[in-house]
Amino acid sequence: MAAASEKAIKQFAALMDQLEEPLKTTFQNVHQGYPRGTLVRFLKARDWSVPKAHKMLMDCLNWRIHNEIDTVLSRPIVPSDLYKAIRDTLLVGLTGSSKQGQPVYAFGVALSTFDKASVNHYVQSHIQMNEYRDRVVLPAASKRFGRQISTCLKVMDMTGLKLSALSQIKMLTMITTVDDLNYPEKTETYYIVNAPYVFSACWKVVKPLLQERTKKKIQVLYGSGRDELLKVMDYQSLPHFCKREGSGSSNESLDGVDCYSYDHPFHQQLYNYMKQQSLNQDFVGPTKQGSFHVDVPTPDLEEVKIVETIQSELHGLRGSNGLSHSFNRIKIEGP
């Protein structure tokens, strides 16, 4: 397998050596000085098929050019009150690093409401978070630990998950599609914590649909997952909702500021970085208000099937466990 993998990497590299501008520059922005690692990521995402991986990467590069992703970090969401509202409703934060040096991101999946800004703003913010991770966070981690670090860990909090929260499946599908097709293999492990019955029911039917490679990345932990997570990260890097031994969320955080907050150092650094990047642009003029539109790629068949299965399972839960009254109040949309 090692020899076959090395042969695939060399074939893929030969194809990418033929790139001309502007594809060549945007590829450099993707690999950040580590082209081999990027080729391996795309090969893994396509089961080591060189033609499929090449098409996936070329689609990614063309998507970046068409949507001006290379300059997305110079387009802060303004005014700052709007950005703060997005942080209050798209719950994500950086809490520290694993013992192996990977950045640890926390996500409040169930409590993210996506209701304070346009869809374009949320997609824009998510892509900016991805680009900042790849251009700033991961290179800084690599420098700190003296070796290339190209992946992160994600802790997904399901506290408060109800049928009504799953009405956001369309937005979540858009974000997942952007990641799967343009930022593949950037997450080492997904840790699911504080999972209630609704998640367990959906997971039971979705898990068999996932590729083996994906299933190996997902760990559903008991309760808050505190004890298991302490095996891979120090206490200081635990998300605030994991610092209790049992299930449920904890209010313990950095100086009373949880990792999602606009006031958290990570988000302040990110926002200040984008504002500085906007000042460094060649053009002169005020920062434009309003979002810019990003085309979201069409999800692949596997993802479409997963969404359909989740919707079907929700219908199955409609009359059971006293959840029917919650289901009747929501509208589930497809991708």
Side-chain angles (χ1 to χ4, degrees), residues 4-5 7-75 119-120 122-135 138 150-152 154 169-188 190 209-214 217 291-308 334-335:
S5 298
K7 181 179 179 181
I9 294 169
K10 289 182 178 179
Q11 290 176 349
F12 198 178
L15 291 172
M16 299 310 293
D17 284 342
Q18 301 173 19
L19 287 180
E20 297 181 354
E21 296 296 350
L23 292 169
K24 185 175 182 178
T25 294
T26 201
F27 180 49
Q28 292 170 346
N29 286 330
V30 170
H31 67 61
Q32 292 291 306
Y34 296 98
R36 179 186 172 90
T38 297
L39 300 183
V40 170
R41 288 196 296 109
F42 279 81
L43 283 166
K44 285 182 177 180
R46 288 297 178 262
D47 296 320
W48 292 90
S49 166
V50 174
K52 291 180 179 179
H54 180 249
K55 181 183 184 304
M56 183 186 187
L57 181 49
M58 292 302 293
D59 287 345
C60 168
L61 299 183
N62 283 302
W63 172 81
R64 293 179 65 90
I65 292 171
H66 178 72
N67 293 283
E68 302 180 349
I69 302 300
D70 289 341
T71 59
V72 72
L73 286 177
S74 63
R75 303 184 184 193
V119 170
N120 287 339
Y122 283 112
V123 173
Q124 176 182 352
S125 180
H126 178 75
I127 291 173
Q128 287 173 331
M129 199 83 66
N130 283 352
E131 291 292 313
Y132 187 74
R133 174 199 64 202
D134 293 349
R135 301 192 211 179
L138 288 173
S150 58
T151 60
C152 63
K154 292 182 179 179
I169 193 170
K170 182 175 183 179
M171 174 63 76
L172 293 172
T173 299
M174 292 174 66
I175 288 174
T176 301
T177 300
V178 167
D179 287 353
D180 288 348
L181 297 182
N182 298 291
Y183 302 92
E185 300 295 323
K186 299 299 294 188
T187 302
E188 184 80 16
Y190 297 88
L209 302 177
L210 300 176
Q211 296 180 14
E212 198 61 35
R213 170 178 51 84
T214 303
K217 290 184 178 185
S291 65
F292 70 98
H293 177 77
V294 175
D295 292 331
V296 176
T298 302
D300 58 28
L301 293 178
E302 179 189 31
E303 192 158 0
V304 171
K305 180 63 176 176
I306 290 171
V307 172
E308 291 175 347

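Excluded from the calculations below are hydrogen atoms, water molecules and symmetry mates; all remaining heavy atoms, backbone and side chain alike, are included.
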Spacing of [X] atom [atom1] and [Y] atom [atom2] [to the nearest 0.5 Å]:
| X | Y | atom1 | atom2 | result |
| --- | --- | --- | --- | --- |
| His126 | Asp179 | NE2 | CG | 3.5 Å |
| Leu57 | Leu181 | CG | CG | 12.0 Å |
| Lys55 | Phe42 | NZ | CZ | 12.0 Å |
| Arg133 | Ser150 | CZ | OG | 10.0 Å |
| Leu61 | Lys24 | CG | NZ | 13.5 Å |

Go through the structure and list residues passing side chain to side chain donor-acceptor pair (under 3.5 Å) with [X], not counting sequence neighbours.
| X | result |
| --- | --- |
| Tyr132 | none |
| Thr26 | Arg64, Asp70 |
| Gln211 | Arg213 |
| Lys52 | none |

Between [X] and [Y], is any pair of side-chain heavy atoms under 4.5 Å apart?
| X | Y | value |
| --- | --- | --- |
| Arg75 | Glu68 | yes |
| Tyr183 | Asp134 | yes |
| Asn29 | Glu131 | no |
| Tyr122 | Ile175 | no |

Let me see the working for Thr177 and Asn182 under side-chain contact (heavy atoms from CB on, under 4.5 Å), right down to the final yes or no. CA-CA 8 Å; Thr177 300; Asn182 298 291; over 6 Å; no
On a heavy-atom basis, which atom in Met56 and which in Asp180 lie closest, and how many Å separate them?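 For Met56 and Asp180, the tightest heavy-atom pair comes out as CE-O, 3.1 Å.
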Could you pull out every donor-acceptor pair under 3.5 Å between side chains of residues 33-40 and any protein atom, sequence neighbours left out?
residue	atom	partner	partner atom	Å
Arg36	NH1	Glu6	OE2	3.1
Arg36	NH2	Glu6	OE1	2.8
Thr38	OG1	Tyr34	O	3.4

Thr151, Asn130, Leu138 screened by side chain to side chain contact (heavy atoms under 4.5 Å, CB included) with Lys186, the one that passes: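 For Lys186, the side chain to side chain contact (heavy atoms under 4.5 Å, CB included) test succeeds with only one of Thr151, Asn130, Leu138, which is Leu138.
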If you measure from the Lys or Arg side-chain nitrogens to the Asp or Glu carboxylate oxygens, is any gap between Glu185 and Arg46 under 4.0 Å?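 Salt bridge flag = no for Arg46 with Glu185.
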Check: residues 8-21 side-chain donor-acceptor pairs under 3.5 Å, at least two apart:
residue	atom	partner	partner atom	Å
Glu21	OE1	Thr25	N	3.3
Glu21	OE1	Thr25	OG1	2.6
Glu21	OE2	Thr25	OG1	3.1

